[in-house]
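Structure, as structure tokens:
Quantities reported herein were computed from a predicted structural model and do not represent experimental measurements. Numbers here are sequence positions counted from 1.
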Amino acid sequence: MARTEAYAKTRASKHRLLGAVSNSVAAAVAAFTAWRRAVAGRRALADLTPDQLRDIGCTESPRPTFFVRVGLITDLMSMR
């Protein structure tokens with residue numbers, strides 16, 4: 001009876017490397033696309049008036065607000 005043995009070839013696969021590279025490129029493209037959409041959304045909200053923002057349900061203004069405490073200028077002038 002003839003004796004048969006199977007040997008497994010152990011070589012590094014090039015396809016596995018290409019798969020890892022394509023996954024990282026896909027993740028980078030997805031991150032860039034999400035960033036572009038976020039920027040476009042912020043620009044669109046910045047162009048709206050307060051009435052339009054209330055109409056779409058956005059109660060807060062996306063613009064930064066500056067709050068000055070009562071008497072702050074008087075205090076600063078007295079420190080001068």
Side-chain angles (χ1 to χ4, degrees):
M1 186 187 279
R3 187 173 152 197
T4 59
E5 294 179 7
Y7 293 101
K9 294 183 179 180
T10 55
R11 274 190 280 169
S13 174
K14 293 181 182 179
H15 299 292
R16 197 171 291 159
L17 177 63
L18 290 176
V21 170
S22 66
N23 286 345
S24 63
V25 168
V29 169
F32 179 71
T33 304
W35 173 77
R36 276 186 36 200
R37 284 184 181 161
V39 168
R42 282 194 301 265
R43 283 184 186 155
L45 285 177
D47 292 339
L48 296 177
T49 64
D51 292 332
Q52 291 172 330
L53 287 172
R54 262 185 265 118
D55 287 343
I56 64 171
C58 186
T59 57
E60 294 181 9
S61 174
R63 295 172 185 89
T65 57
F66 185 69
F67 177 73
V68 178
R69 186 175 50 88
V70 175
L72 176 65
I73 300 300
T74 306
D75 292 342
L76 291 175
M77 292 302 286
S78 68
M79 288 184 216
R80 208 172 145 205

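With Thr49 as reference, Asp51 is the one residue of Asp47, Asp51, Leu53 to meet the side-chain contact (heavy atoms from CB on, under 4.5 Å) rule.
Leu76 and Val68 fall within the same hydrophobic cluster, defined by Ile, Leu, Val, Met, Phe, Trp and Tyr side-chain heavy atoms under 4.5 Å apart, directly or through other members. Under the 4.5 Å side-chain heavy-atom criterion for grouping Ile, Leu, Val, Met, Phe, Trp and Tyr, Val29 is not connected to Trp35 through any hydrophobic cluster.
Side-chain contact between Ile56 and Leu45 is present, with heavy atoms from C-beta onward closer than 4.5 Å.
Applying the salt bridge (Lys or Arg N to Asp or Glu O under 4.0 Å) rule to pairs touching residues 66-77 yields Arg69-Asp75, sequence neighbours excluded.
Rounding to the nearest 0.5 Å gives a distance of 11.5 Å between CE of Met77 and CG of Leu72.
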